[in-house]
**Q** 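Here it is, the structure in full.
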Amino acid sequence: MLLLGLLAAQTGWAAEEAGLLQIQVGEKVIFCSARLPVDADQFRLPMQDGIAVVTQWHLKIGKVRNYWLNKTIGEITVIRRVEPDLLSHSWLLLDVNSGISHRVYQIKAAVDFLTRLDQFPILDRSLLLAGLQYNAVVNIEIHIGDVNDAWWAGLWPSTANAMQQDFKLP
């Protein structure tokens, strides 16, 4: 029964409107700010029941080509995990890529950690040329519970949202 509820919730995430994606061109670095527009209860309820939640942000920058596939310039995957502690009523926020963790005592902070990227550095500006059209694509996967690498885990896609934005260097 829990499995059916989780599958229905994933369908609800996919049906949400597109998220907000902004690409900022800094002096030396390209930054990404993104927000996944989902109902906070879809994260809050499992975490209040002691179930870990993971979001995987797959970011890709490519050069736009009109008559062929876009040329990928850089890719990065950001994995964020929230582990609830029911005894202390706290949540451990873990950036899996860096190993940095932080404990919070408000569930809103945990939900924001999973659903937002703020000024995240994604690419060195020197890899891009001025005047050319580039495309940023962000795919977000949401996993309730542990991430399962077994062969059957791919039978139910967990991509919750995909966002993209074109940009040019000034």
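Quick note: residue numbers are just sequence positions, from 1.
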**Q** Got a list of side-chain donor-acceptor pairs under 3.5 Å for residues 95-102, not counting sequence neighbours?
**A**
| from | atom 1 | to | atom 2 | distance (Å) |
| --- | --- | --- | --- | --- |
| D95 | OD1 | N97 | N | 3.1 |
| N97 | OD1 | I79 | N | 2.8 |
| N97 | ND2 | T77 | O | 2.6 |
| S98 | OG | I100 | N | 3.3 |

**Q** Determine the minimum heavy-atom distance between P46 and V53, stating which atoms define it.
**A**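 P46 and V53 have their closest heavy atoms at CB-CG2, 4.3 Å.
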
**Q** Assigning hydrophobic clusters by single linkage (Ile, Leu, Val, Met, Phe, Trp, Tyr; side-chain heavy-atom cutoff under 4.5 Å), is V82 placed with L45?
**A**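 V82 does not cluster with L45.
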
**Q** For K63 versus L132, what's the shortest heavy-atom pair and its separation?
**A**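 Scanning both residues completely, I find the closest heavy atoms to be CD-CD1, 4.0 Å.
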
**Q** Taking all heavy atoms of Q42 and all of I144, pick out the closest pair and write down the distance.
**A**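 Shortest heavy-atom separation between Q42 and I144 comes out as O-CD1, 4.3 Å.
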
**Q** Do L20 and P37 come within less than 4.5 Å of each other through their side chains, counting heavy atoms only?
**A**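 Result no, sub-4.5 Å side-chain heavy-atom pair not found.
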
**Q** Side-chain donor-acceptor contacts of residues 109-128 below 3.5 Å, not counting sequence neighbours, with atom names and distances?
**A**
| from | atom 1 | to | atom 2 | distance (Å) |
| --- | --- | --- | --- | --- |
| D112 | OD2 | K108 | NZ | 2.8 |
| T115 | OG1 | V111 | O | 2.9 |
| Q119 | NE2 | Q24 | OE1 | 3.3 |
| D124 | OD1 | S126 | N | 2.8 |
| D124 | OD1 | S126 | OG | 2.8 |
| R125 | NH1 | G26 | O | 2.9 |

**Q** Report the distance from atom CD of Q165 to atom CD1 of I23, rounding to the nearest 0.5 Å.
**A**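 Rounded to the nearest 0.5 Å, the CD-CD1 separation comes to 5.5 Å.
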
**Q** Would you say that V104 contacts L93 through its side chain, given a criterion of any heavy-atom pair below 4.5 Å between the two side chains?
**A**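 V104 vs L93: side chains touch.
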
**Q** For side chain to side chain contact (heavy atoms under 4.5 Å, CB included), just list the numbers for T72 and K60, CA-CA rounded to whole Å, side-chain angles, deciding distance to a tenth of an Å, and then say yes or no.
**A** CA-CA 7 Å; T72 301; K60 185 181 350 180; 3.5 Å; yes

**Q** If you take all heavy atoms of V54 and R81, which pair is closest and at what distance?
**A**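 Closest approach of V54 to R81, heavy atoms only: CG2-NH1, 3.4 Å.
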
**Q** When hydrophobic residues are tied together by side-chain contacts of less than 4.5 Å, even through go-betweens, does I76 share a cluster with V25?
**A**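 Yes, because I76 and V25 connect within a single hydrophobic cluster, where side-chain heavy atoms sit under 4.5 Å apart.
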
**Q** In terms of hydrophobic clustering (I, L, V, M, F, W, Y; side-chain heavy atoms under 4.5 Å; direct or indirect links), are F31 and F167 co-clustered?
**A**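 The answer is no; the residues belong to distinct hydrophobic clusters.
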
**Q** Quick check: is I73 connected to I30 through a chain of hydrophobic side chains (ILVMFWY, heavy atoms under 4.5 Å apart)?
**A**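 In one cluster with I30: I73, yes.
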
**Q** Find out whether M47 and W91 are in side-chain contact, i.e. whether some heavy atom of one side chain is under 4.5 Å from a heavy atom of the other.
**A**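 Yes, close enough: below the 4.5 Å cut-off.
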
**Q** Distance from Q164 atom CD to N139 atom CG, nearest 0.5 Å?
**A**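 That separation rounds to 9.5 Å.
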
**Q** When hydrophobic residues are tied together by side-chain contacts of less than 4.5 Å, even through go-betweens, does I51 share a cluster with I142?
**A**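 Yes; I142 is reachable from I51 via cluster members.
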
**Q** Return each pair, listed once, that meets side chain to side chain donor-acceptor pair (under 3.5 Å) where at least one residue sits in residues 127-136; pairs must be two or more places apart or across chains.
**A**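 Only N135-D166 qualify under side chain to side chain donor-acceptor pair (under 3.5 Å).
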
**Q** Give, for atom OG of S90 and atom CD of Q106, the distance between the pair rounded to the nearest 0.5 Å.
**A**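 The distance works out to 12.0 Å.
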
**Q** Give me the atom names and distance for the closest heavy-atom approach of G50 to P84.
**A**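 G50 and P84 have their closest heavy atoms at C-CG, 3.6 Å.
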
**Q** Counting C-beta onward and ignoring hydrogens, is there a side-chain heavy-atom pair between H143 and E141 closer than 4.5 Å?
**A**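 The answer is yes; the side chains approach within 4.5 Å.
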
**Q** Any chance the side chains of T55 and R80 put a donor and an acceptor closer than 3.5 Å?
**A**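 No, because no side-chain N or O of T55 sits under 3.5 Å from a partner of the opposite role on R80.
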
**Q** Kindly compute the distance separating CZ (R44) from CG (D49), expressed to the nearest 0.5 Å.
**A**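 Here the rounded value is 12.5 Å.
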
**Q** Please examine the side chains of I61 and E75, heavy atoms only from C-beta on, and report whether any two atoms are closer than 4.5 Å.
**A**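 In short, these two side chains do not touch, never coming nearer than 4.5 Å.
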
**Q** When you look at V78 and Q56, which way does the side chain to side chain contact (heavy atoms under 4.5 Å, CB included) test go after all the steps?
**A** CA-CA 6 Å; V78 178; Q56 293 182 347; over 6 Å; no

